[in-house]
Enquirer: 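I am attaching a structure below and will ask some questions about it afterwards.
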There are 2 protein chains.
Amino acid sequence: MNNYDDETTFAIGELAREFDITPRSIRFYEEQGLMSPSRTGQNRVYLNKDRVRLKLILRGKRLGFSLAEVKTLFDMYDSNPNSAVQLEAMLEMTEQKRAVLRQQLEDIQMLMTELDDVEARCREELAELKRGKIA
Amino acid sequence: MNNYDDETTFAIGELAREFDITPRSIRFYEEQGLMSPSRTGQNRVYLNKDRVRLKLILRGKRLGFSLAEVKTLFDMYDSNPNSAVQLEAMLEMTEQKRAVLRQQLEDIQMLMTELDDVEARCREELAELKRGKIA
DNA sequence: GTACAGGTTTACGTTAACGTTAATTACAAT
DNA sequence: ATTGTAATTAACGTTAACGTAAACCTGTAC
């Protein structure tokens, strides 16, 4: 499913709806050099490869990369695909991201136990209130 | 370790160094109502409770909370803990946050496996490059 | 033919979380 | 007395990722 051939075209609004973003965002990504759709007259026309690019941009964002970082990856891939240099740069970026995620996991665990404490104290005080020990 | 008594005081620069942020940031947090250190003359003086607050702010940030959200949590925590209404509101709030954290945990785990995939493909291609299968 | 639903460019506005001077104060050491 | 280090307030500057008009074209529906 979700498999288009190389002829199928999309208007900017279609892609916007599909990925639940605004046309403005898509134009912005183009302005930042992340996409370059063709045109019919003055209207942008997107092929499936452009659609895939957009998907990659959004996935990069979900992974916490900035648009500039995504562009860096695109540029590297476009200029020298499958080069050892590009692949190693990619590995480095993923490793950095992994470190951030590890830190977040740790933080979440600490926060959760703190929430446990707060909750326990709340329940205790509530129980005392109901027993009438405090007005 | 890292255990200070309630008398120990800190200058703004000390805290900045300890948490690897700038004094400007600490003043900004105060300006946003997240801290209120005492003073000697016109200089800010931080006690351990302030230091703990700062730690919590930074942890919240790492978790993706805005300063405004952190402030909301602080306000709730600080507000009168003697009323049953307040306590129940607090419980509701912590339960909501807990749900958010659970979701984040899930997201992070998915992202990590995605990174695993990317990394695995990279290493594989690198290995092929080294075996000379690709020019 | 006119309304309308899309598309277009240009350009200024917005928000968060600080950065960056500037001008001043205060204590500590040389 | 001067130099150095750390602190202060006030206020304007910055970045990312768009939002939001304004003013325009353009093909289809009625």
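A, B, ... follow the sequence lines: proteins, then strands. Residue 1 opens every chain. Since this is a predicted model, take the numbers as computed values, not measurements.
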Enquirer: Give me each pair satisfying side-chain hydrogen bond (donor to acceptor under 3.5 Å, both in side chains) with a member in residues 29-42 of chain B, each pair once, sequence neighbours excluded.
Expert: E30(B)-R44(B)

Enquirer: Heavy atoms only: give me the nearest F19(A)-L54(A) pair and the separation to one decimal.
Expert: CD1-CD2, 3.6 Å

Enquirer: Angle between the two end axes of the helix from dG1(C)-dC30(D) to dT30(C)-dA1(D), five base pairs per end, rounded to 10 degrees?
Expert: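 Taking five pairs per end, the axes differ by 10°.
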
Enquirer: For R24(B) and for S25(A), locate the closest nucleotide of DNA chain D by heavy-atom distance; then report the residue assigned to the nucleotide nearer the 5' terminus.
Expert: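 It is R24(B), whose closest nucleotide lies nearer the 5' terminus.
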
Enquirer: Who pairs with F28(A) by ring pair (Phe, Tyr, Trp, His ring centres under 6.0 Å), at least two apart in sequence or on another chain?
Expert: none

Enquirer: What is the 5' to 3' range of DNA chain D, first to last nucleotide, that sits under 4.0 Å from any heavy atom of chain A?
Expert: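 Nucleotide range with atoms under 4.0 Å of chain A: dA17(D) to dT20(D).
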
Enquirer: Using a strict 4.0 Å threshold on nitrogen-to-oxygen distance, state whether D50(A) and K55(A) make a salt bridge.
Expert: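 Looking at K55(A) together with D50(A), the answer is no, because their closest N to O distance does not fall below 4.0 Å.
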
Enquirer: I need the minimum non-hydrogen distance between A11(A) and Y46(A), along with the two atoms involved.
Expert: C-CD1, 4.1 Å

Enquirer: Between the protein and nucleotides 6-9 of chain C, list the N/O to N/O atom pairs that are separated by less than 3.5 angstrom.
Expert:
from: dG7(C); atom 1: OP1; to: G13(A); atom 2: N; distance (Å): 2.6
from: dT8(C); atom 1: OP1; to: R44(A); atom 2: N; distance (Å): 2.8
from: dT8(C); atom 1: OP1; to: R44(A); atom 2: NH1; distance (Å): 3.0
from: dT8(C); atom 1: OP2; to: R27(A); atom 2: NE; distance (Å): 3.1
from: dT8(C); atom 1: OP2; to: R27(A); atom 2: NH2; distance (Å): 2.8
from: dT8(C); atom 1: O5'; to: R44(A); atom 2: NH1; distance (Å): 3.4
from: dT9(C); atom 1: OP1; to: R39(A); atom 2: NH1; distance (Å): 3.2
from: dT9(C); atom 1: OP1; to: R39(A); atom 2: NH2; distance (Å): 3.2
from: dT9(C); atom 1: OP1; to: R44(A); atom 2: NH2; distance (Å): 3.4
from: dT9(C); atom 1: OP2; to: R44(A); atom 2: NH1; distance (Å): 2.8
from: dT9(C); atom 1: OP2; to: R44(A); atom 2: NH2; distance (Å): 2.9

Enquirer: Does D5(A) have any side chain to side chain contact (heavy atoms under 4.5 Å, CB included) partners at least two apart in sequence or in another chain, and if so, which?
Expert: E7(A), T8(A)

Enquirer: Mind checking the CD-CD1 spacing from E14(A) to I26(A)? Nearest 0.5 Å is all I need.
Expert: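 Rounded to the nearest 0.5 Å, the CD-CD1 separation comes out at 10.5 Å.
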
Enquirer: What is the minimum heavy-atom distance between I12(B) and R27(B), and which atoms define it?
Expert: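 What the structure gives for the nearest pair is CD1-CG, 3.6 Å.
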
Enquirer: What about L47(A) and F10(A), same hydrophobic cluster or not, with Ile/Leu/Val/Met/Phe/Trp/Tyr joined at side-chain heavy-atom distances under 4.5 Å?
Expert: no

Enquirer: For Y4(A), does the six-membered ring have the charged nitrogen or CZ of R51(A) within the cation-pi criterion, i.e. under 6.0 angstrom from the centroid and within 45° of the normal?
Expert: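 Checked: cation-pi criterion not met.
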
